[in-house]
Amino acid sequence: MRVGVVIFPGTNCDMDTYHALKVVGIDPIYLWHKEHDLKDSEVIILPGGFSYGDYLRAGAIARFSPIMNEIIDFAKRGGYVLGICNGFQILLEAGLLPGAMLPNETNSFICKEVLLEVVNNNTLFLKNYRVGEILKMPIAHKEGRYYIPDRGLEELKEYNQIVLKYHGENPNGSVENIAGIINRKGNVMGLMPHPERAVEEILGSTSGLNLFLSLLEKV
Amino acid sequence: MKKWTVILEIFLKEGIFDPQGKTVKNALYNLGFGEVEDVRIGKVLKIEILGENKEEVVGKVRKMSEIFLVNPVTEDFSIRVEE
Amino acid sequence: MKKWTVILEIFLKEGIFDPQGKTVKNALYNLGFGEVEDVRIGKVLKIEILGENKEEVVGKVRKMSEIFLVNPVTEDFSIRVEE
Amino acid sequence: MGVFGLKEEEIKHAIELLGREPNDVEWSVISVIWSEHCSYKHSRKYLKDFLTKAEWVEQGPGENAGIINLGDGYRVVFKIESHNHPSAVEPFQGAATGVGGIVRDILAIGARPIALLDSLRFGPIEKGRNKYLFEGVVGGISFYGNCIGVPVVGGEIVFEDCYSSNPLVNVMCVGLLGPEQKSYRGKAEGKGNLLLLVGARTGRDGLQGASFASEKLDDEVHKKRPSVQVGDPFLGKLLIESCLEAASTDGVVGIQDLGAAGLVSSLSESARRGRSGVKVYLDKVPQREENMTAEEILLSESQERMLLVIRPEKAEEIISIFKKWDLEAEIIGEVIEEEKFIVYFKGEKVVDLPTELLVDGSLIFDPPYKEYKVPNLSSDLRSLIKKEHIEKFMNNAINDLSLKEKIYRQYDYSVQTNTVLPPGFGDASVLRIKGTNKGIAVVTDGNGRYCYLNPKRGAMYAVAEACRNILCVGGRPLAITDGLNFGDPDEPEVFYQFREVVKGINLASRTLEIPVVSGNVSFYNGQGEKKIFPTPIIGMVGVLEDLSYLIKPGLKVVGNRLYLIGD
Ligand SMILES: Nc1ncnc2c1ncn2[C@@H]1O[C@H](COP(=O)(O)OP(=O)(O)O)[C@@H](O)[C@H]1O
């Protein structure tokens, strides 16, 4: 599939994501935030970083970037969109996923490897994983405490939108240990951990490989 | 048109845990300020804005808050004009 | 003793560059709020504190500000009591 | 402003060199560029002794950073820098702007910054402001480093009483040049080439920061501090990407960051290196504040600015790169043949000084030195150590480890996906070079207490330890960047420490054949009773030719043998 990686001002995991896609044999293209053309991408990835310095709130400014209009339309038409870390925060701010991000309960930036449990694999991005599988990936964020009011949480559960949960320790105080969610249709997913940092043995984990491999095949 | 200074205060909604506020409260306690019962920390924006009158600029800042400056899922806000 | 809500607003001193405020101002401009001339972003603390009277709690919060909550090198602050 | 911080003899020397009395603006320019921080007037003579050459050294001291060659077209660029005084006043911003500053040094070479390491010294954490300083500094490094996406992969920290009044914040940045990338120098040459100032607008922040760093930090500090510099890591990140893009064109002649002494030092040093001059129009400098004077614009230390010397026919192409990244980029002047620093403001010529006078003209000071006695150490330690000491020692060691973990957890050490040995796992941190089997090992080491007891041996020890740390992960040590932190050089005992430390580094470096390719000197860290231990920090880079030989610490398999090597 043709994968587009979006660069906002302040994005800093664009090259890492590009590299991870290369590792699985995909030749991605970069999309610039000021453009309106998704260049026939079949999957759009919003990588991590500090778009606009995360000033005001993480993702709050990037979500008004010109390209977001196209991405929102694309998602509504069923296009695949993946937001990693800052990308997840942007998807929340843009309303493509429900809920919001708050500063970590520790009140500080946290960088470490965490364990994740796949609780639902009913999305393109996770179809290569088993439900119940435990993954190891790094997190690196300051605002990763996922929050959603009670009613929203019930809906998330009702529509099976929670896909990844922190396993063992909850690093940031996220509601119900949530690490990743999807929209109702399952074509939009956001997660705080960094799968692109877990695709090579030399970096300590290959748990993220299957996510990128799932993008290899035509749907 | 006149220049106005509008102050926008943004706090986390009641009921949402504010770790920074709690840390500061504990630190104050340790410094001997035991009479402090709670601290919540928010953001405040000082916005210099041109407009004909107070209602107009407050309306504008309210609009900015609703679409951008405030996240309605987690935050409450209040606006005042500095004289 | 009564419980008071004291609001402490802290901004970077005039003249000290506020990159966050500048970035938000640019974003507002792009969203069509060209009438915004400047934005500065600070912190605001809502402090619930026990005390006999207004003067007492304001004095206490001033003290906290001076010794701990505010960095006098870079920040200015103002205190008000919420009624 | 006029003259400030210069000694009587320096004032006379300036007038003599110039053959006339400088005007007020010129005095400001001379004062700041002849400050210790910019001119190294107390240290230059001694630093010249260092071993700076080896087959693999492509660029030694004197440029924005040192460059070593790893073969196959890959070159590593690195330098250490201190931001002690700003961090003492405002720890968060002081440390953050320290990171921004050293990153731009690497960027000026045209290299992508790939790693940061810090080296921190505070007073005991349970006393006074130390905890506040510590948390602020770590917070500031985390804030800036994480945002620009350069991993902080290691560092070290020590708490000692002598750092209570004067914490040390040294940061080392490492950059990489790939086979396709050119390296640049901070050089203005070629008559008619243009001076392009990019990045943040110029404000009054950090005015006289260079002379601030060259002064004693005493209780008066709050009154005479320069207005505080605030870091904008978001803008810093945009500068990295846009400058690298510009560096990949064929229109750039030289690149220079704006650090201490702002436009004055970046312009005059670039001109001097290129054996040319510059003509500058201050009205063209984008200003953040109104009614700035010529001195204020020239001396401002506003962060996140870079100077590019570009070919006129490529100006449009290069400026459009910065516009794409939403950055300001203004042509503020041009290169001239005459070796002079000429400045116009509001239609008037306000500065006309020879670049040689500015950059190489300052007097060199070689103050008196005096050896000192240290307390006698008992050679029979064993009889002094009691059981409770051991328990206390073990407890401290455990607390120490958890504190260090608390620090590096706040640093994004895995971004850029090259960190194969992260902090907490080895004696040095290791980065891979994508597309090769090679790795880079990096470490910072220093021991102020040893250096206080015996400055020369202490410095040798620091070099040796850095070396051992690189070896322990399977790397071959290649080169050093040294961060030298001392008290007031006019105190004879301090100057003795300085001379001895330089000798020690030099001896170790020559014996081990590991050259010094860059470094930094910070004097005036405390005075009299309150002066710091002499604290040289050794930053070292090594190479692993084949990462499959990466050595990770830890006991691996039951039955493996343990060997003790050395004596
Ligand atoms: N100030 C710091 N910043 C970042 N990492 C640090 C800092 N201090 C210590 N570390 C990391 O913590 C680990 C343990 O530090 P240290 O005890 O100094 O190492 P060692 O004694 O093995 O040389 C190392 O990986 C080091 O890089």
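Within every chain, numbering begins at 1; the chains are lettered A, B, ... in the order of the sequence lines, protein sequences first and strands thereafter.
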Output the residues of residues 44-56 of chain C for which the shortest heavy-atom distance to chain D is under 4.5 Å, in residue-number order; output 'none' if no such residue exists. none

Between D:K284 and D:E330, does any NZ, NE, NH1 or NH2 come within less than 4.0 Å of an OD or OE carboxylate oxygen? no

Which pairs with one or both residues in residues 257-267 of chain D pass side chain to side chain donor-acceptor pair (under 3.5 Å), sequence neighbours excluded? none

Is the D:F92 ring parallel, tilted or perpendicular to the D:F143 ring (thresholds 30°, 60°)? tilted

Do D:D105 and D:E81 come close enough that some side-chain heavy atom pair is under 4.5 Å? yes

D:F122 ring center within less than 6.0 Å of D:Y163 ring center: no

If you count heavy-atom pairs under 4.5 Å between each of D:R288, D:E90, D:E289 and chain C, which one has the most? D:R288

Close side-chain approach of C:I79 and C:R62, heavy atoms under 4.5 Å: yes

